[in-house]
There are 2 protein chains.
Amino acid sequence: MRPQDIATLASHCARCGARDRSICSAIEDEDLNHLAVHSQHIDVAAGQCFIEQDELARDFFVVTEGHAKLFTLMSDGRRQVNGFAGQGQFLGLAANERYAFSAEALTPLKLCRFSHDGMRLLTAQFPTLEQRLLSEASNELVAAQGRMLLLGRKTARERLASFLIERGAGCHQATTIELPMTRTDIADYLGLTIETVSRTLNALRRDGLIDIDHITRIHLRNRHAIAALASGEAA
Amino acid sequence: MRPQDIATLASHCARCGARDRSICSAIEDEDLNHLAVHSQHIDVAAGQCFIEQDELARDFFVVTEGHAKLFTLMSDGRRQVNGFAGQGQFLGLAANERYAFSAEALTPLKLCRFSHDGMRLLTAQFPTLEQRLLSEASNELVAAQGRMLLLGRKTARERLASFLIERGAGCHQATTIELPMTRTDIADYLGLTIETVSRTLNALRRDGLIDIDHITRIHLRNRHAIAALASGEAA
DNA sequence: CGATGTATTGACTCTGTTCAAGATATGTGG
DNA sequence: CCACATATCTTGAACAGAGTCAATACATCG
C-alpha cells in the first residue's frame, strides 16, 4: 500500500467517521502505518465481481470509493440482493469459513482489502478495533431485522417507500436521491419484480409523493408521508 | 447467582459448546466465578415477554433452558418473527442504543442475564470472549442473509421445507422434529399466514415428504427431497 | 364433559407475477 | 451529429400464488 493510498483511506474514513460508519474510525492517525502493513488498495471495474459466494473467506474489505451490491443466488437464478455498500462500508462480516454472499461493483470501485490474518494482528494490537467490528456487526444485525420485516410483511408500496427513506437517510435536507443501481437490483433488493418496482414508483409519482427527475435521480416531495408509508401507518 | 446456577449454566454451555454455539464456551471453568459476579439467573413463564422492542438495551441473555421467539412488530399489528432461540443461544447482539426486537418465552424459560457494563468488564478480562461474540454475530449475519433469500424469493412450499431442514439440523439421524411454537409463530417467521402454513404442511404430507405425528411433532420421511425443495432444486 | 383456544379446510379475492409489446436511454460507428 | 443497435425501463392484459373471510374440526384443560 502506497503512502498516497493511506492518505486517501484516512481522508475517506475521516469523512465516514463523522457518521460513525467506517471501521477505520477506530484507528488513530498515528496507527495508520500499522494499518498500511496489513491492507491493500484495489480497483474494481463496474460490473466486476470481487467476492464470490461460497468461496473461502480470506479477506475483509472497506469501500473507499464507489458503490457495490451484495447478493445471494439460487441455483435456478433467483437472486436476493442483501444490501448495497457505499463509501466507508465494511464488507465481509457475514462469513464463517466461506462468504455467504457475492459482491459486485455497481460503479468503478476502490476498495481497501484486509486479510483475516492481518486483521487478527491488528485487533490484537488495537483492542478498540474489535469493539468497532462488533458494533458494526450489531448495526448490520439491526438492519437485517428491519429487512426481514420488509420482506416478510410489507406491501410493494411500503417496500419502495422504505427503500427511498433508507436511501435518503443521512441527507437531512437534500431530498434528492441518487440511485447507482438498476431497477433489477432494486427489485431483487425488495423481493419484487422490475415491473412492480416501475409501476409502484410511478404510482408514488402520480400521488405527488415523489418526482422522478431521471431514472437514477428521485426527489422526495413529501418525505413525512413517505416515512409514514414506510412504517405502515397509511390507509 | 447461586453456585448451582453456575453449575447449571456451565453444564448447559458445555453441551452447547460441543456444537460451538454457546457464548460461554469461550470461558474456561476456572473463570466461571468471574462470570458469576456479572450474571444473574432468571426464570420466565411461558408467554411472558422479557425483551421489549425499542426499550433501552441494558442486558445480554443466554438461554439455558427452554425456547423463546424474537420478533418485530408494526404499529398495525403485523408481526415478523426474526428467529427462535433454544438452549445455549445468545440474545441481544441485534441492538444499538435500544433493542431492535421483542422476545417472548414459548415454554418455561431459564435465562442467564449479563449487563452490558458487566460484559465490558468480562471482555476486558477475557479477550477470547469478544472474539466469541464477533463470531456469534457473524453466524447470525450469515443466517440473516439466508432468511432474506427465503423471505424475498422462495415459494411457500420452499419456505416450509427450509424451515423443516433448519429445525432438523444438528440431529443427524433423528428425523423427528419438535416444534415448540404455534402455527402463527411459524407463519410470522416465514412471512406467510397460518392458513398457508397449514395447507402447505398438509400438501407435503400428502406428497409423502413428511408425517405429522402430532401438531408439534413432524417426521421427515424424505429428508433429501425436502432439502432439495428448500434450496429450490425442484420442479 | 363442555369450554376455549388453536388448527384445518373451503370458497373467493387480490396483490403482485408473468408474458408481451412499446418507449426511453445509452452507446457506437459512420 | 445523427442513425442504428442494444440495454433498460414502462405499460398493458391475463394469470396465479398466497391472502382473506368463514365454517368446521381438533386439542387442551378445567
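In what follows, chains are A, B, ... by sequence order, proteins preceding strands, each numbered from 1.
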Closer than 4.0 Å, any side-chain N/O of B:T193 to the OP1 or OP2 of D:dA18?
no
I want to know whether A:F71 and A:F101 have ring centres closer than 6.0 Å.
no
In whole angstroms, the gap separating C1' of D:dG19 from CZ of B:R159 amounts to 13 Å
Below 4.0 angstrom from OP1 or OP2 of D:dA18, is there any side-chain N or O of B:T196?
no
Starting the side chain at C-beta, find the nucleotide from D:dT10, C:dA7, D:dC9 nearest to A:T184.
D:dC9
Using atom types as modelled and distance alone, determine if a side-chain donor or acceptor of B:R147 lies under 3.5 Å from a backbone N or O of B:Y189.
yes
Between the base of C:dT17 and the side chain of B:R153, is there a donor-acceptor distance below 3.5 Å?
no
A:D213 and A:T176: side chain donor to acceptor below 3.5 Å:
no
Between A:H214 and C:dT26, does any side-chain N or O lie under 4.0 Å from OP1 or OP2?
yes
Is B:E158 salt-bridged to A:R78, cutoff N-O under 4.0 Å?
yes
Nearest-Å distance for atom pair CZ/C1', residues B:R183 and D:dC26:
12 Å
What is the distance from CD of B:E195 to P of D:dC21, rounded to the nearest Å?
10 Å
Will you find, in the side chains of B:R205 and B:N202, an N or O donor that is under 3.5 Å from an N or O acceptor?
yes
Stems involving DNA chain C, each a run of at least 3 consecutive Watson-Crick or G-U pairs under 3.5 Å
C:1-21 with D:10-30, C:25-30 with D:1-6
Measuring from the side chain of A:L192 (C-beta onward, heavy atoms only), which nucleotide among C:dG16, D:dA13, C:dT9 has the closest atom?
C:dG16
